[in-house]
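It should be emphasised that the depicted structure is a prediction, and the values quoted were computed from it without experimental measurement.
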There are 2 protein chains.
Amino acid sequence: MSDDRTVLRDEPHDGVRWLNADEQATWRALLLCYQLLDEALDRQLQHDAGMPHSHYAIIAALSEAPGSAMRMSELAAMLRFSPSRMTHAVASLERKGWAARARCPEDGRGQFAALTAHGRMVLERAAPGHIAEVRRRIFDRLTSTQQRQLRGICDTILDGLDPSSHASPHRPTRISDTSA
Amino acid sequence: MSDDRTVLRDEPHDGVRWLNADEQATWRALLLCYQLLDEALDRQLQHDAGMPHSHYAIIAALSEAPGSAMRMSELAAMLRFSPSRMTHAVASLERKGWAARARCPEDGRGQFAALTAHGRMVLERAAPGHIAEVRRRIFDRLTSTQQRQLRGICDTILDGLDPSSHASPHRPTRISDTSA
DNA sequence: TGAATCTGATTGAACTCTCAACTATCCTAG
DNA sequence: CTAGGATAGTTGAGAGTTCAATCAGATTCA
């Protein structure tokens, strides 16, 4: 209890190679970056628009869908949410009157989530502030070289995390896709 | 309601410049990367060690502190947690017997959080799996060039987020610092 | 000294997310 | 046509986080 040396040493253990000093520093910076970025974005949205980032992602996705509506499962797949998470989130949006659900005619099990007029208005009001924050925190700070590097790094890491993310190479993207 | 065009256009609005296609793609990749990485790490720790990533960060930090103990506020500042979050988290660790709290003699308001022997054991068991996951998801995939690039990008972004993060340039880092 | 203020930490409510059931519908093979 | 299994989505409990309010011990200064 009064030992000031860590119990974890930088030698292999259980067949695991530990991180070296450089890797540690990078990992620490990455984690901190994630954490602070996430908090900054969430705080901005929560404060200025009364919604968490995940809800913004949902209404932004809906706003770009044909008829402003999508099947729950489509939505979940697109945003990589669990079905349960999506149900809870859309239920919450519904309570606020920003979204509505409707049974799917072709499949009795299915549900559509649709953006309401009110929801669309809320999104329109929330988007500028959100995008400004993204810009301010990230794109205004990075050189175009760094931006390209970042893209490559993310794609590389995603390859190992998300088999289905060789995604969207040429899909005509839309602006509110600053979401997720 | 049956309008398939997005309400958000890629023209300036409210003085905010929207993201262009490249920026959007990068931003999307970054978000997805964050999300999946975070889930992967959290799931691994939760599944194999019964704790969320944030709790791992706490016990790892404690394990490296002199006497395996730190003031609540120190701990919170180091990990960039709110006081409230830290209180709740340490309370949870205490319930599991992994940490203990003790009043600070010099300052009646203060509290120390200390790692228990049990907590140290739990950390020792959890660390290899966690580090392996970090390695597998990130460092095994990136070239050393990419690693350097990533470090630079994170530092750049952190400059705008966290004034106090020009941090740890030469502090003798320790292994369990794969935390946070 | 003693009021006003500041600081370290805690509390409880509200909310989101996860996980493990569970319901309802659809599909398929016998 | 019906039993078994797959699919779409929901439910509720448990946990972590945030926020605002609060408490108690320090500090300041008149």
Side-chain angles (χ1 to χ4, degrees), chain A residues 34-36 38-58 69-96 98-114 180, chain B residues 34-36 38-59 69-96 98-113 180:
Chain A
Y34 273 7
Q35 185 182 333
L36 297 183
D38 196 56
E39 280 172 18
L41 293 170
D42 233 42
R43 186 158 18 247
Q44 183 275 320
L45 272 172
Q46 192 68 57
H47 184 272
D48 296 351
M51 71 182 100
H53 196 194
S54 59
H55 290 194
Y56 180 90
I58 294 173
M70 286 177 81
R71 287 286 294 270
M72 295 293 285
S73 45
E74 258 188 293
L75 206 45
M78 164 176 294
L79 299 179
R80 250 60 65 136
F81 283 14
S82 70
S84 169
R85 184 182 184 184
M86 192 53 81
T87 294
H88 286 304
V90 171
S92 161
L93 292 176
E94 209 168 20
R95 261 176 261 126
K96 300 198 214 175
W98 299 353
R101 271 178 293 194
R103 296 218 81 78
C104 172
E106 300 121 25
D107 186 334
R109 297 163 300 181
Q111 288 264 92
F112 279 102
Chain B
Y34 273 8
Q35 184 181 334
L36 297 183
D38 195 57
E39 280 171 19
L41 293 171
D42 234 41
R43 190 165 6 255
Q44 184 275 319
L45 271 172
Q46 192 68 58
H47 185 273
D48 296 352
M51 72 182 99
H53 196 195
S54 59
H55 289 194
Y56 180 89
I58 294 173
I59 61 178
M70 286 177 82
R71 286 285 294 270
M72 295 293 285
S73 45
E74 257 188 294
L75 207 44
M78 164 176 294
L79 299 178
R80 249 61 66 136
F81 282 16
S82 71
S84 168
R85 183 182 183 185
M86 192 52 81
T87 294
H88 285 305
V90 171
S92 161
L93 292 176
E94 209 168 19
R95 261 176 261 126
K96 299 198 216 176
W98 298 354
R101 270 178 294 192
R103 296 217 83 76
C104 172
E106 300 121 25
D107 188 333
R109 296 163 300 181
Q111 287 264 93
F112 279 102

Would you kindly give the CH2-to-P distance between Trp98(B) and dG16(D), to the nearest whole Å? 10 Å
Steps toward side chain to side chain contact (heavy atoms under 4.5 Å, CB included) verdict (Met51(A), Leu93(A)): CA-CA 9 Å; Met51(A) 71 182 100; Leu93(A) 292 176; 6.0 Å; no
Nearest-nucleotide 5' precedence on DNA chain D, Gln46(A) against Ser92(B): Ser92(B)
We want to know whether Gln44(B) and Asp48(B) form a side-chain donor-acceptor pair, criterion being a heavy-atom distance below 3.5 angstrom. yes
Whole Å only: how far is the CD atom of Glu106(B) from the C1' atom of dT27(D)? 17 Å
Could you state the atom-to-atom distance from CD of Glu39(B) to P of dC17(C) in whole Å? 10 Å
Going 5' to 3' through nucleotides 1-11 of chain D and flagging B where a protein heavy-atom sits under 4.0 Å of the base, S where only the sugar-phosphate is that close, and - otherwise, we get ------BSSBB
Go through the structure and list residues passing side chain to side chain donor-acceptor pair (under 3.5 Å) with Gln111(A), not counting sequence neighbours. none
I need the CD-C1' distance between Glu94(A) and dT16(C), as an integer number of Å. 17 Å
Just the rounded figure in Å: distance from C1' of dG16(D) to CG of Asp42(A). 14 Å
Nearest nucleotide by nearest heavy atom, which residue falls closer to the 5' end of DNA chain C, His55(A) or Arg43(B)? His55(A)
Residue closer to the 5' end of DNA chain C, Pro105(A) versus Arg85(A) (nearest nucleotide): Arg85(A)
Could you tell me the separation between the NE2 atom of His47(B) and the P atom of dA20(C), rounded to a whole number of Å? 8 Å
Ignoring hydrogens and geometry, is there a side-chain-to-backbone donor-acceptor pair from Thr87(A) to Pro83(A) under 3.5 Å? yes
Ser54(A) has a side chain; which of dT18(D), dG16(D), dT16(C) sits nearest to it? dT16(C)
Between Tyr56(A) and Leu41(A), does the side chain to side chain contact (heavy atoms under 4.5 Å, CB included) criterion hold? Intermediate values first, please. CA-CA 11 Å; Tyr56(A) 180 90; Leu41(A) 293 170; over 6 Å; no
To the nearest Å, how far apart are Leu75(B) CG and dT10(C) P? 11 Å
Which is it for Met78(B) and Met70(B) under the side chain to side chain contact (heavy atoms under 4.5 Å, CB included) test, yes or no, and what are the steps along the way? CA-CA 10 Å; Met78(B) 164 176 294; Met70(B) 286 177 82; 3.9 Å; yes
Gap between atoms CZ and C1', on Arg95(A) and dC15(C) respectively (whole Å): 9 Å
Take Trp98(A) and His55(A) through the side chain to side chain contact (heavy atoms under 4.5 Å, CB included) test and state the conclusion after the steps. CA-CA 10 Å; Trp98(A) 299 353; His55(A) 290 194; 5.6 Å; no
